[in-house]
Amino acid sequence: MSKTVILIIGSNGQLGTVLSEELRKIYGDSYVITSDLFKRIDSVDNFIKLDATDFKAVEEVVVKNKITQIYHLAAILSAKGEQNPLATWDLNMKTLFNVLEVSRLHKVERVFFPSSIAVFGNNVDKENTLQSSNLTPSSVYGMSKVAGENWAHYYYVKYGLDVRSLRYPGVIGYQSLPGGGTTDYAVSIYHEAIKNIEFDCFLAAKTTLPMIYMDDAIRATLELMEAPKERISIRTSYNIAGMSFNPEEMAASIKEHYPDFKIKYNPDFRQGIADSWPKIINDTDARNDWNWKPEYDLKLMTKTMIENLK
Ligand code: AKB
């Protein structure tokens, strides 16, 4: 096997920011190339400005740098996606096709494609959403993830391309901000709480959703990508769970640190998306196949978030 050289597409995003750092720790700075549409002022060396909708540009980066692994994180998320459904479909699918096709042509050894709990719709058991549940999403983002999972599976079966994927719940971390998602409230709430600002929540108090703390999300990604090939039985995308809670429960956990913390509820169009998603994800396959186990619950996450944001 050749020396691992990683390309992260969408490295400025919520997950990309933290994942890039972790991958640099493991593989070394010179073996991790980060890329996005624009360079951040704080971005380190080895950043390439890359528009992943441009096939030739992706191909050039892969060939020139002898890339062996791609983490393709660029996408328009659920809430932003509903504001421009066709453009969302175009971007999410085009970038994935470019990554899959360049990887096939240039024999990239491993590809990571993030899917989401948004692949599920109203016709599943929301209290125990199984890996094999029906996939009839309510958002165009969810539709692009369902299609993406099937394309990942197709490239694996037809061409032997080693594509791996996780269905992320809402990801919560202090290092970076999400953008355009339905679960974003669960990050902003901490930023407002530490500033003593009353939080205006765009979801109703009892809206339970699956979430995961950033450290668990990163660890799940790396564990999946490092697992021996024969342990990966699912080539669409794995359900993974961290914890499940609603805004009211989250506010109560923040009140343990800030007793005066206040929250009000003004549900908007994102309520409809959230209502169509599962409440509790069943991740038995990930646990059985590559020993997945989350470490953070709501209490520990709140403590860690507040300590780091203060
Ligand atoms: C979103 O809210 O759109 C994302 C997701 C759950 O995929 N965080």
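Computed over heavy atoms, backbone and side chain alike; hydrogens, waters and symmetry mates excluded. Note that ligands are numbered from 1 as they come in the structure, with each ligand's atoms numbered from 1 the same way. Keep in mind that what you see is a predicted model, and the values were worked out from it rather than measured.
Between Trp277 and Phe120, the ring center distance fails the sub-6.0 Å criterion. Less than 6.0 angstrom separates the ring centroid of Trp290 from the ring centroid of Tyr238.
Taking only nitrogen or oxygen atoms, main chain and side chain alike, Tyr141 reaches within less than 3.5 Å of ligand 1.
Contact annotation: the side chain of Thr207 approaches that of Pro247 to within less than 4.5 Å [non-hydrogen atoms, C-beta and beyond]. Under the 4.5 Å side-chain criterion, counting only non-hydrogen atoms from C-beta, Met243 is not in contact with Ile212.
Here the side chain of Gln14 pairs a donor or acceptor atom with the backbone of Val171 at under 3.5 angstrom.
In this structure, Lys262 forms no cation-pi arrangement with Phe199, as its terminal cationic atom is not both closer than 6.0 Å to the ring centre and no more than 45° off the ring axis.
Contacts between Ser78 and ligand 1, counted as non-hydrogen atom pairs separated by less than 4.0 Å, involve both the backbone and the side chain.
Given atom 2 (O) of ligand 1, the protein heavy atom at minimum distance is Thr182 N, 2.7 Å. Nearest protein neighbour of atom 6 (C) of ligand 1, counting heavy atoms only, is Ser116 OG, 3.6 Å. Atom 8 (N) of ligand 1 has Thr183 OG1, 2.9 Å as its closest protein atom, hydrogens excluded (heavy atom only).
Listed by number with element, the atoms of ligand 1 under 4.0 angstrom from any heavy atom of Leu77 are 3 (O). The atoms of ligand 1 that sit less than 4.0 Å from any heavy atom of Trp277 are 1 (C), 2 (O), 3 (O), 6 (C).
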